[in-house]
Amino acid sequence: MAKILLGLTGSVAVYKSLNVIRLLERRGHEVKVILTSSASKFITPLMAKSLMKGELFTDEDFWTSGKSLHIELAKWADEIAIVPCTSNTLSKIRYSIADNLLTATLQAYKGPILVAPAMHEEMWLNPEVQDVVQHLREFRGVFFSGPARGILASGETGCGRLQSEEFIAEDIEAVLRGLPLKNVTVMVTYGRTEEPIDPVRVITNRSSGLMGYYLSKAVMEYGGNLIQVVGETSIIPYGRGEIVKVRTAREMFDVVSDQLDKVKVLIMAAAVSDFEPQEKYEAKLKKGKDLMISFKPTVDILHELSGSKRGGQLFVGFALETENLERNAREKLENKKLDLIVGNFATAMGSERSSGFLLDRDGVIEKFDELHKDQLAHKIIEKVVSLLK
Ligand code: CTP
């Protein structure tokens, strides 16, 4: 687990940093904090210290410790994250101003930096501030977590709000991993599709969409750009990146094929209906007599798109089976020209855990047993990263 130095600067959003500290400590990281004097106008050092396990430093320590605290902290940290970061501190980093413990530490530090800005929209959009942001991104490789859109401290709605604490913690870990999916756009489809029979009835399946939710989260945790194409599901889709809601197999096909050009990795975790009614009834079917409905196959999205797959593009599919899992998965890998297939048993449907294997285009197989879908998602994304190399 990593050593993370969190810099807390003077924004009213600083109280949320206490939650970020807690999330990071819960994930097993060692956290130390530098509180600037402006930040300590919003929260006291005692308050922050009481809620964390690690050490907390203020500018008073900087001037009274009698040792090179900034050098020690710069050597100690695997990552420095500034949460929240004011426009003032952003500009100080840009121009290498070292007038307090945090900025002096940053000047002496050589590792990865994450910044989670929080300010009013007018300040964030100020051209000088945007110039600073661009410079820090491009020349210093600083990772920006947010800002998010929403209600700001002024009561107005705009861009400048501190990113959610969960997402900041995810981004801090993505930076630690070295952002292996940086600049890679990954499309994840999940949920089930529904094919209408009449205005009130549908044919569908029992997929929960949980696997796709965790895959989407993992894409962000590895620093990728995310597009989610989500069918019917009882879970709330993962709230980052682009989200497109669809209902039928045809709608899912249209969205995926439309956007495929901008995608490097397609992960089809959706449980697409294999059948749709030959005929769609315009009026609600009435009860009382026998009913025969005949079905026809829906579009096989992966199979259809395998023909237009570009060089370097990577397709990941799933095989959900009740029998002959390995044989069926191998066939699907071949027929749909996949780079990777996740074979799992039908018991995974609606469950938090799954058993099965990953089978890649070179025939390498890796089994997993009763693995939580969150961990399985990480395993899949790590495999994707290695196949992209
Ligand atoms: N899939 C697809 N389009 C479909 C059906 C499935 O793109 N109409 C994708 C799924 O998202 C999954 C993979 O193909 O990644 C395999 O899906 P699965 O339902 O296991 O297999 P099918 O190909 O539908 O074959 P069968 O149902 O006969 O096992």
Side-chain angles (χ1 to χ4, degrees), residues 186-196 202-216 218-219 227-233 237 244-260 263 265-278 295-309 313-351 354-361 368 373 376-377 379-381 383-384 387:
V186 183
M187 180 186 273
V188 184
T189 72
Y190 61 97
R192 53 190 180 269
T193 65
E194 277 186 1
E195 309 301 325
V202 294
I203 175 165
T204 187
N205 56 68
R206 292 194 297 109
S207 171
S208 64
L210 209 54
M211 190 67 241
Y213 172 92
Y214 285 125
L215 278 164
S216 304
V219 167
I227 305 175
Q228 300 174 74
V229 182
V230 189
E232 295 300 317
T233 165
V244 188
K245 285 284 292 172
V246 295
R247 190 171 173 217
T248 63
R250 177 51 61 180
E251 277 175 36
M252 186 168 278
F253 173 78
D254 288 345
V255 171
V256 176
S257 54
D258 253 24
Q259 306 221 34
L260 199 61
V263 168
V265 182
L266 169 66
I267 305 181
M268 282 287 303
V272 187
S273 302
D274 289 323
F275 308 100
E276 61 180 321
Q278 289 275 7
F295 293 94
K296 59 178 181 185
T298 54
V299 52
D300 186 328
I301 303 173
L302 269 178
H303 189 258
E304 202 70 21
L305 295 176
S306 62
S308 41
K309 188 173 166 191
Q313 235 174 4
L314 210 126
F315 283 9
V316 181
F318 280 72
L320 185 86
E321 309 286 344
T322 50
E323 55 196 356
N324 300 326
L325 178 59
E326 196 169 326
R327 199 183 69 207
N328 289 334
R330 280 184 195 280
E331 268 177 29
K332 285 175 190 176
L333 181 87
E334 232 166 83
N335 292 342
K336 303 193 185 205
K337 295 204 181 74
L338 302 177
D339 300 277
L340 178 67
I341 192 153
V342 185
N344 53 6
F345 293 101
T347 45
M349 224 176 208
S351 162
S354 175
S355 299
F357 54 80
L358 304 191
L359 172 67
D360 74 14
R361 59 194 175 207
F368 55 86
K373 287 181 176 171
L376 177 55
K379 208 182 204 11
I380 296 168
I381 297 299
K383 186 74 192 184
V384 165
L387 290 172

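In this text the structure is predicted, and so the values were computed from the model without any measurement. When a ligand or atom number is given, it counts from 1 through the structure's own listing order.
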(request) Below 4.0 angstrom from a heavy atom of D274, which ligand 1 atoms are there? Numbered from 1 as shown, please. (result) 5 (C), 8 (N), 24 (O), 27 (O)

(request) If you have a sec, work out which protein heavy atom is nearest atom 7 (O) of ligand 1 and how many Å separate them, to one decimal? (result) L302 N, 2.9 Å

(message) Whether the side chain of K373 engages the backbone of A348 through a donor-acceptor N/O pair (distance < 3.5 Å, no angle test) should be reported.
(response) yes

(message) Looking only at distances, can you tell me whether any N or O atom of L320, backbone or side chain, sits closer than 3.5 Å to an N or O atom of ligand 1?
(response) yes

(request) Measure the distance from atom 3 (N) of ligand 1 to every protein heavy atom, then report the residue, atom name and distance (to 0.1 Å) of the closest one. (result) I301 N, 3.0 Å

(message) Need the ligand 1 atom indices (1-based, order shown) with element for anything under 4.0 Å from a heavy-atom of T298.
(response) 8 (N)

(message) At less than 4.0 angstrom from any non-hydrogen atom of A270, what atoms of ligand 1 do you find?
(response) 10 (C), 11 (O)

(request) Rounded to the nearest 0.5 Å, what's the gap from CE on M211 to OG on S216? Could you check? (result) 9.5 Å

(request) Begin with the C-alpha distance, continue with both residues' side-chain angles, and end with the deciding distance and a verdict on salt bridge (charged side-chain N to carboxylate O under 4.0 Å, His left out) for R330 and E334. (result) CA-CA 6 Å; R330 280 184 195 280; E334 232 166 83; over 6 Å; no

(request) Using a strict cut-off of 4.0 Å, indicate which atoms of ligand 1 neighbour a heavy atom of G317. (result) 15 (O)

(request) Answer yes or no: is there a donor N or O on one side and an acceptor on the other, between the side chain of T233 and the main chain of S208, under 3.5 Å? (result) yes

(request) Take every heavy atom of A319, measure it against each atom of ligand 1, and state whether any distance is under 4.0 Å. (result) yes

(request) Return the minimal non-hydrogen interatomic distance between L333 and L359, and the atom names on each side. (result) CD1-O, 3.8 Å

(request) Provide the number and element of each atom of ligand 1 under 4.0 Å from a heavy atom of K336. (result) 1 (N), 6 (C), 9 (C), 13 (C), 14 (O), 16 (C), 22 (P), 23 (O)

(request) Look only at the side chain of T298 and the backbone of S273, and say whether a donor-acceptor pair between them is shorter than 3.5 Å. (result) yes

(request) Give the residue, atom name and distance (to 0.1 Å) of the protein heavy atom nearest atom 13 (C) of ligand 1. (result) F318 O, 3.1 Å

(message) For the backbone of K337 and the side chain of K309, can you confirm whether one donor and one acceptor N or O come within less than 3.5 Å of each other?
(response) yes

(message) Between D339 and R361 (side chain of the first, backbone of the second, donor and acceptor by atom type, cut-off under 3.5 Å), is there such a pair?
(response) no

(request) Indicate whether atom 29 (O) of ligand 1 is within a distance of less than 4.0 angstrom of some protein heavy atom. (result) yes

(request) Run the numbers for me: atoms of ligand 1, each under 4.0 Å from some heavy atom of M268, listed by number. (result) 7 (O), 11 (O), 12 (C), 15 (O)

(request) Mark yes or no for whether N328, through its side chain, and E321, through its backbone, hold a donor-acceptor pair below 3.5 Å. (result) no

(message) Please list the nearest protein heavy atom to atom 26 (P) of ligand 1 with its residue and the distance rounded to 0.1 Å.
(response) K332 NZ, 3.8 Å

(message) Is V299 close enough to touch ligand 1? Criterion: a residue heavy atom under 4.0 Å from a ligand atom.
(response) yes

